[in-house]
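One structure is given below, encoded as structure tokens.
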Amino acid sequence: MKYRNLFFDLDDTIWAFSRNARDTFEEVYRKYSFERYFDSFDHYYTIYQQRNTELWIEYGEGKITKDELNRQRFSYPLQAVGVEDETLAEKFSEDFFAIIPTKSGLMPYAKEVLEYLVPKYNLYILSNGFRELQSRKMRSAGVDIYFKKVILSEDLGVLKPWPEIFNFALSATQSELRESLMIGDSWEADITGAHGIGMHQAFYNVTGRTSFPFQPTYHIYSLKDLIDLL
């Protein structure tokens, strides 16, 4: 199959979100001496992640706003240990969002693979992340130069895996469906979403997932695998 357009997810596909986010949370956790309230940083982060996952689902279903998502995700861990302090949660949130886009950690082989692909294909980002963060994250990591366009769910008000965001991305980049490939680490958002509109997909299996409701077009365990595929 000859592709012309490659759509990449950003977080945990190109930019090492899980690592960068954890580092940022731990940095702010120490700044505000949250060991006063939690048994350990892992205790805090486990509480945060569980509620954050639920909130993103609610946000994707249109049940809460972006502002409510961000308010609850930072206040909930404190409330879970009996601390009602909205001001503290807001300060933590402000520092987190100021620091995280300055982190530059990338997924293994990201830059060398992008260097290989950029002369051969049109490269685009298709992400559910927030615009004020994604562009800064890409610049900090030095990967913004590889992509012709960044398409974000905020542009349309619809998250992956809904078909509208994929069709919007094709339209916004003047890309033909049959010449396009979606590459991402999220089975639900990236692979199921692309599959739903008939777009080919490359599943970047960073978690070692073994159960699949259908077979993706390609299955990779390293970005380096793309050099052999494309």
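These figures come from a predicted structure and were not determined experimentally. Numbering starts at 1 and runs along the sequence shown. The analysis underlying the following values was restricted to heavy atoms, covering all of them including side chains, and did not include hydrogens, waters or symmetry mates.
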Is any NZ, NE, NH1 or NH2 atom of the basic residue among K66 and E154 found under 4.0 Å from an Asp or Glu carboxylate oxygen of the other? yes

Any chance CH2 of W56 has more than 12 other-residue heavy atoms, nucleotides or ligands included, within less than 6.0 Å? yes

Could you check Y32, Y29, F34, F97 and say which one makes a ring-ring contact (aromatic ring centres under 6.0 Å, His included) with F74? F97

Looking at CD1 of I57 and CD of E188, how far apart are the two atoms once the value is rounded to the nearest 0.5 Å? 9.0 Å

With a 4.5 Å heavy-atom cut-off, do E86 and Q79 have their side chains touching? yes

Using only atom types and a distance under 3.5 Å, with no angle test, would you say the side chain of S153 pairs donor to acceptor with the backbone of N128? yes

Going from OG1 on T173 to NZ on K149, what distance comes out if it is rounded to the nearest 0.5 angstrom? 8.0 Å

Is there a side chain to side chain donor-acceptor pair (under 3.5 Å) between E35 and Y44 once you walk through the steps? CA-CA 9 Å; E35 62 272 13; Y44 165 81; over 6 Å; no

With a 4.5 Å cut-off on side-chain heavy atoms, are N52 and Q72 touching? no

V143 vs L106 side-chain heavy atoms within contact, under 4.5 Å: yes

Are L152 and I183 grouped together when hydrophobic residues (ILVMFWY) are joined by side-chain heavy atoms under 4.5 angstrom apart? yes

Please check: side-chain N/O of K120 versus main-chain N/O of R4, any donor-acceptor pairing under 3.5 Å? no

Which atom of L126 lies closest to which atom of I165, heavy atoms considered: CD1-CG1, 3.9 Å

Is there side-chain contact between L55 and E58, with heavy atoms separated by less than 4.5 Å? yes

All heavy atoms of I47 vs all of P77, minimum pair found to be CG2-CA, 3.7 Å

Go through the steps for E132 and K137 under the test salt bridge (charged side-chain N to carboxylate O under 4.0 Å, His left out), then give the verdict. CA-CA 9 Å; E132 65 268 23; K137 284 153 58 173; over 6 Å; no

Measuring only between side-chain heavy atoms, which start at C-beta, is D9 closer than 4.5 Å to I125? no

May I ask you to check whether over 12 heavy atoms, not counting those of R209, lie within 6.0 Å of atom CZ? yes

Go through it in stages, so that I can follow the logic: the residues are D155 and R131, the test is salt bridge (charged side-chain N to carboxylate O under 4.0 Å, His left out), and I'd like the CA-CA distance, side-chain angles, deciding distance and then a yes or no. CA-CA 9 Å; D155 297 336; R131 180 161 294 283; 3.0 Å; yes

Report yes if some heavy atom in the side chain of Y218 is under 4.5 Å from a heavy atom in the side chain of F203; otherwise report no. no

Backbone N/O of Y221 and side chain of N205: donor-acceptor pair under 3.5 Å: no

Side-chain heavy atoms of R30 within contact of F41, under 4.5 Å: yes

Please check if atom OH in Y45 has more than 12 non-hydrogen atoms from other residues, nucleotides or ligands closer than 6.0 Å. yes

Please name the pair of heavy atoms, one in L159 and one in G60, separated by the smallest distance, quoted to 0.1 Å. CD1-CA, 3.0 Å

How many angstroms lie between atom CD1 of I191 and atom NE2 of H219, to the nearest 0.5 angstrom? 9.0 Å

Shortest non-hydrogen separation from A89 to S75 and the atoms involved: CB-CA, 3.9 Å

Could you walk me through whether Q50 and E54 pass side chain to side chain donor-acceptor pair (under 3.5 Å), step by step? CA-CA 7 Å; Q50 289 173 345; E54 296 169 351; over 6 Å; no

Stepwise side-chain contact (heavy atoms from CB on, under 4.5 Å) test for F7 and S180: CA-CA 7 Å; F7 291 87; S180 302; 3.8 Å; yes

Quick check against the 3.5 Å criterion: does T53 have a side-chain atom that pairs as donor or acceptor with the backbone of Q49? yes

CG-CG distance between L6 and L230, expressed to the nearest 0.5 angstrom: 6.0 Å

Any chance you could lay out the side chain to side chain donor-acceptor pair (under 3.5 Å) test for R73 and Y48, step after step, and finish with the verdict? CA-CA 7 Å; R73 69 204 290 208; Y48 168 83; 3.2 Å; yes

For a 4.5 angstrom cut-off between non-hydrogen side-chain atoms, does L170 reach I197? yes

Connected via hydrophobic side-chain network under 4.5 Å: L177 and L181: no

Step through it carefully: locate the ring centre of Y124, locate the ring centre of F8, and say whether they are under 6.0 Å apart. no

Report the distance from atom CE of M182 to atom CG of N5, rounding to the nearest 0.5 Å. 13.0 Å

With a 4.0 Å cut-off on N to O distance, would you call K91 and E94 a salt bridge? no

Could you check whether any side-chain N or O of R136 sits under 3.5 Å from a backbone N or O of L133, counting only pairs where one atom can act as donor and the other as acceptor? no

Using every non-hydrogen atom in the two residues, find where A202 and L226 come nearest and quote the distance to one decimal. CB-CD2, 4.5 Å

Spell out, yes or no, whether M107 and Y116 are grouped together once hydrophobic residues are joined by side-chain heavy atoms under 4.5 Å, including indirect joins. yes

Distance, nearest 0.5 Å, that separates OG of S222 from OH of Y109: 6.0 Å

Does the plane of the ring in W187 sit parallel, tilted or perpendicular to the ring in F212? Use 30° and 60° as the thresholds. tilted

Is the backbone N or O of D185 less than 3.5 Å from a side-chain atom of T13, with the two atoms forming a donor-acceptor pair by type? yes

Answer yes or no: does atom OH of Y76 have more than 12 heavy-atom neighbours from other residues, nucleotides or ligands under 6.0 Å? no

Walk me through whether D225 and Y204 qualify under side-chain contact (heavy atoms from CB on, under 4.5 Å). CA-CA 9 Å; D225 295 341; Y204 182 12; over 6 Å; no

With salt bridge (charged side-chain N to carboxylate O under 4.0 Å, His left out) as the test, would you mind laying out the steps for D23 and K103 before giving the verdict? CA-CA 9 Å; D23 288 350; K103 300 291 184 180; 5.3 Å; no

Under 4.0 Å between a side-chain nitrogen and a carboxylate oxygen: does that hold for K31 and D95? yes

What about L88 and I99, same hydrophobic cluster or not, with Ile/Leu/Val/Met/Phe/Trp/Tyr joined at side-chain heavy-atom distances under 4.5 Å? yes

If you apply the rule side-chain contact (heavy atoms from CB on, under 4.5 Å), what do you find for R178 with H200, and how did you get there? CA-CA 8 Å; R178 60 186 176 84; H200 283 192; over 6 Å; no

Derivation and outcome, side-chain contact (heavy atoms from CB on, under 4.5 Å), residues D190 and K160: CA-CA 7 Å; D190 302 317; K160 296 179 293 183; 2.6 Å; yes

Could K63 and Y59 be counted as a cation-pi pair, given that NZ or CZ must be under 6.0 Å from the ring centre and within 45° of the axis? no

Shortest non-hydrogen contact from L114 to L123? CD2-CD1, 4.0 Å

Is F92 reachable from F38 through a run of hydrophobic residues whose side-chain heavy atoms are each under 4.5 Å from the next? yes

Check: M199 main-chain N/O paired with Q201 side-chain donor or acceptor under 3.5 Å: yes

Testing E179, Q174, K148 one by one against N122 for a side-chain hydrogen bond (donor to acceptor under 3.5 Å, both in side chains), which residue passes? K148

